[in-house]
Amino acid sequence: MGTLNKEQMEACCYTDGPLLILAGAGSGKTRVITHRIAYLIDELSVNPFNILAITFTNKAAKEMRERVDALVGFGSESIWVSTFHSMCVRILRRHFDEIGGKNNFTIYDTSEQKTVMKEVLKLLNLDAKMYPEREMLNIISKAKEQYIGPDEFEKQNPANYRNQQIANIYREYQKRLKNNNTLDFDDLIFKTIELFEHSPETLRIYQERFKYIMVDEYQDTNHTQFLLVKMLAARYRNLCVVGDDDQSIYKFRGANIYNILNFEEEYPDAKVVKLEQNYRSTANILNAANGVIANNEGRKDKRLWTDKEDGAKLQFTEYDNEYQEAESVVSDIASKKRIGVSLSDIAILYRTNNQSRILEEKLIYANIPYRLYGGTNFYQRKEIQDIISYLKVINNPADDIALRRIINEPRRGIGDTTVNKAQEFAISNDMNLYDALLMAEEIPGLQRAAAKIKVFTDLMDELRLMAGSNDLTELFDMILEKTGYKMNLEAENTDEARARLDNIEELRNKVVSYEEEAENPNLTELLEEIALVADAADDDGDGNQVTLMTLHSAKGLEFPYVYMVGMEEGLFPSSMATCSDDPDDLEEERRLCYVGITRAMKELNLSAATVRMLRGTKMYSKVSRFIDEIPANLIERKGNAILRQESTGSKYDAPFSIKKEKPYAGVYKKPAYTMSSPEISKGMPGDVAINYQVGDTVKHIKFGKGTVKEMVKGGKDYEVTVDFERVGEKKMFASLAKLKKL
DNA sequence: GAACCCATCATTTTT
DNA sequence: TGATGGGTTC
């Protein structure tokens, strides 16, 4: 594992012109990207400043940044490693004014979008039953993903009353955002494209800057992201996209699988490299995954292989009901624990979040610690939103939504009637709510509340003054004190109030750590980080826990032991997909199954329940078709599943409607790659004289002094583990790290 | 402004 | 089944 294999190297060294890396699950994709960046810098002397690496999640960005840091000697800080959204924010902060915006905009999250939409519907006097907020926001989001503004929306859709109304809603919604000096998530990308279209000079700046562009998880990009990348790469065309069409599972959120499938049509001179060697799973697991995904049509032709051993067969058990299933999974985990398996090596994966409940119950009962991913976000809690709203109003008084949220929180006698009057006045005078409050005395009908309003605006003005000094932790504490928010909670003296105080404390910690880390801490950037980096609670190092998560959130992760529960028709694949007339919906479920299977390294246990309580009613389901798509020689069936296979007169209707045996090539193995191709090794990193060994003190250009702990030879490179005085242990490649013996 | 009742409606999620 | 939201009542 020390070096790159042939294809990985090929992908690493092909740097001029468009490149598509089809990276199968577990094929060492991140390694390739990071090594590619290192190669660009160290071997081709590309200025790190000219490199852009785009990821989808902050987590991925962070991981990539760390790995690049470890590989690249110097200058890695000037590489842009960022998500689409934070990249766009960074660009818009400098140029939004060129298309009539303000560069100090704030970002609205989903709940704020919803509030805006409610107001829009009220203003337009539309029935929320006919025009539900959620659906409206969805339609707008889909439009924005297609780079369709309100006017185009009206033009492109059938000219009926409803569509006209929706276009009006869209227009009004945008107007509100603009008045509040805010953008929603989709706008970040939309407006950046708009900026580039409107101002070719600005686009040119970024084209010149980003001479080398890499996009990870390319199968997850939506249309606007595709457009954005295309614009940026248009000049130098050094565009490298990495992805796996078989792992495209985010269609529902706008991902367009054709971005990756048609990459070669978009870029006819594109080079394609396939990474097909899997380093993660046993052969049995891998071939099970291959067997399942082979049922999809219109995929890129590729087949994962491994030189690992067959390993244990997959297990499938059908239980009577979901309680039995959960209990059995948990007792299995308990026995693993007893023989010394680390709980952090175990994951339970399911299709829908609500399946976690029973599992949690049984885990708690069995006294097995677990970590649940998903669920309510920390930032969605009321108290957190409240405090953030204070920060938002201080930062951007035009933010009506945040203002309304806190104007009477805690109670200060400014009720809905008062606020509504002020809001009406604001709208008819084309000003924002805060400005209206400042002149409350002159607003008819507000004289009585004016005194209270003044106390509030004075408080906010005072806090805003404090924000100017940029001592954010102090500002945070002042908000809690001066608004009485903290006092109120303390006075409540309930468990709930104490939990809220704890959450606020946690938010405070985030502010503190932001201030410590930021180069130039300021409120705008803090809020941006909160909006953009709202990942579910940081991993607290406490490792020995079972992981519970949806199949979706498991993408990109791996676990030695995996349980996939709820393998039932109607649940997985979901009934939405089985009933859909778009066959791709079913294929997407299958890809999700493929993702799930390929998370497992050593052992994969699948299970189903014959009867399951679903939405208050008992559901009798057939076993998931995906179980039958796993080649029979790779899987052992237990429980009801066996009864069904053996006796035709089952109590429930024959679960296996699709029983025909699919032709299968059998267990597929390739010998491990041996490096011999002179063509590939030419100019590769690796011809560095190594004059140090384990125990020596060495110096790294960035990390400083350290001691060599371990050197693993692989091919012509060494993977060196060094314990640095300042930053602790790091793994790096001898050829790239350029360590000097002291 | 809080407490309560009824109706409704349910995938997947990041930014 | 159970969470959520709107509307009503005290």
Side-chain angles (χ1 to χ4, degrees), chain A residues 54-61 82-90 107-115 118 122 127-129 132-135 138 141 144-145 183-190 192 216-217 220-222 224-225 247-255 322 349-358 373-377 379-380 408-417 528-536 549-556 566 568 570-580 585-586 588-593 595-596 612-619:
Chain A
I54 305 177
T55 62
F56 259 82
T57 64
N58 292 299
K59 204 175 148 203
S82 96
T83 64
F84 272 104
H85 295 267
S86 43
M87 171 179 86
C88 289
V89 170
R90 239 169 123 177
I107 301 161
Y108 270 170
D109 66 19
T110 347
S111 73
E112 287 158 322
Q113 286 180 278
K114 231 170 136 184
T115 317
K118 269 187 201 159
K122 208 153 86 191
D127 182 8
K129 289 234 167 60
E133 297 126 51
R134 258 188 64 154
E135 194 192 337
N138 236 314
S141 177
K144 287 182 180 175
E145 278 164 4
L183 295 177
D184 66 21
F185 286 121
D186 298 315
D187 282 339
L188 296 176
I189 294 165
F190 192 108
T192 307
D216 193 12
E217 304 282 15
D220 289 341
T221 49
N222 66 31
T224 45
Q225 290 161 340
Q247 292 188 70
S248 165
I249 54 173
Y250 284 116
K251 185 182 166 196
F252 69 92
R253 105 188 168 192
E322 73 268 37
L349 309 180
Y350 37 78
R351 176 70 240 261
T352 64
N353 276 309
N354 62 17
Q355 289 172 259
S356 71
R357 179 169 289 139
I358 317 162
Y373 283 73
T376 352
N377 190 314
Y379 289 97
Q380 286 164 358
N408 205 30
E409 185 66 57
R411 303 273 118 79
R412 34 176 88 84
I414 308 175
D416 278 352
T417 335
E528 181 181 311
E529 249 184 55
I530 288 172
L532 253 32
V533 193
D535 34 37
M549 57 168 63
T550 62
L551 288 154
H552 279 92
S553 9
K555 196 175 83 165
E568 296 136 42
L571 184 58
F572 189 39
S574 85
S575 52
M576 299 275 204
T578 52
C579 300
S580 164
D585 288 346
L586 208 245
E588 178 138 325
E589 294 282 307
R590 189 174 284 114
R591 291 193 286 267
L592 189 57
C593 183
V595 166
R612 179 185 298 268
M613 251 335 201
L614 201 71
R615 291 184 215 155
T617 45
K618 275 186 181 175
M619 291 286 296

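Lettering of chains follows the sequences in order, A, B, ..., and the numbering in each one begins at 1.
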Peer 1: Taking atom P of B/dT15 as reference, at what distance in whole Å does atom CD of A/Q113 sit?
Peer 2: 15 Å
Peer 1: A/L614: what forms a side chain to side chain contact (heavy atoms under 4.5 Å, CB included) with it, not counting sequence neighbours?
Peer 2: A/M619
Peer 1: Can you tell me the distance, in whole Å, between the NE2 atom of A/H85 and the P atom of B/dT13?
Peer 2: 16 Å
Peer 1: Anything under 3.5 Å between a protein N or O and an N or O of nucleotides 5-10 of chain C, put it in a table, one pair a line.
Peer 2:
none

Peer 1: Between A/N408 and A/R253, who's closer to the 5' end of DNA chain B by nearest nucleotide?
Peer 2: A/N408
Peer 1: Nearest-Å distance, CD1 (A/I530) to P (B/dT14)?
Peer 2: 18 Å
Peer 1: In whole Å, I'd like the distance from the CG atom of A/L551 to the P atom of B/dT14.
Peer 2: 14 Å
Peer 1: How many whole angstroms separate atom CG of A/N58 from atom C1' of B/dT13?
Peer 2: 13 Å
Peer 1: Of all the heavy-atom pairs spanning A/G566 and A/Q355, show the shortest one and how long it is.
Peer 2: CA-NE2, 3.8 Å
Peer 1: Considering heavy-atom distances to DNA chain B, does A/T57 or A/D416 have its closest nucleotide positioned more toward the 5' end?
Peer 2: A/D416
Peer 1: So does A/R357 get a side-chain nitrogen or oxygen closer than 4.0 Å to the phosphate oxygens (OP1/OP2) of C/dA3?
Peer 2: yes
Peer 1: Using a 4.0 Å heavy-atom cut-off to protein, can you give one letter per nucleotide of nucleotides 3-12 of chain B, 5' to 3': B if the base is in contact, S if only the sugar-phosphate is, - if neither?
Peer 2: -------BBB
Peer 1: List in chain and number order the residues that pass side chain to side chain contact (heavy atoms under 4.5 Å, CB included) with A/A554, two or more places apart in sequence or in another chain; answer none if no residue qualifies.
Peer 2: A/L349, A/M549, A/R599
Peer 1: Of all residues at least two apart in sequence or in a different chain, which pass the side chain to side chain donor-acceptor pair (under 3.5 Å) check with A/S82?
Peer 2: none
Peer 1: Between C/dG5 and B/dT12, how far apart are the C1' atoms? Round to whole Å, please.
Peer 2: 23 Å
Peer 1: Where the side chain of A/T83 is defined as all heavy atoms beyond and including C-beta, which of C/dA3, B/dG1, B/dT15 is the nearest nucleotide?
Peer 2: B/dT15
Peer 1: My understanding is that only residues two or more places apart in sequence, or in another chain, count here; which of them pass side chain to side chain donor-acceptor pair (under 3.5 Å) with A/S86?
Peer 2: A/T83
Peer 1: Separation of A/Y373 atom OH from B/dT14 atom C1', in whole Å?
Peer 2: 15 Å
Peer 1: For A/D187, which contact category applies under a 4.0 Å heavy-atom criterion: base, sugar-phosphate, or nothing?
Peer 2: nothing
Peer 1: What is the distance, rounded to the nearest whole Å, between atom CZ of A/R90 and atom P of B/dT15?
Peer 2: 17 Å
Peer 1: Grab the CG-P distance between A/D186 and B/dT13 for me, whole Å please.
Peer 2: 18 Å
Peer 1: Could you tell me which residues satisfy ring pair (Phe, Tyr, Trp, His ring centres under 6.0 Å) with A/Y108, sequence neighbours excluded, listed by chain and number?
Peer 2: none
Peer 1: Who are the side chain to side chain contact (heavy atoms under 4.5 Å, CB included) partners of A/K114, not counting sequence neighbours?
Peer 2: A/E133, A/L137
Peer 1: Identify, with sequence neighbours excluded, every residue that meets side chain to side chain donor-acceptor pair (under 3.5 Å) alongside A/T550.
Peer 2: A/S553
Peer 1: Please assess A/L551 against A/V595 for the test side chain to side chain contact (heavy atoms under 4.5 Å, CB included), listing each intermediate value before the final yes or no.
Peer 2: CA-CA 7 Å; A/L551 288 154; A/V595 166; 5.9 Å; no
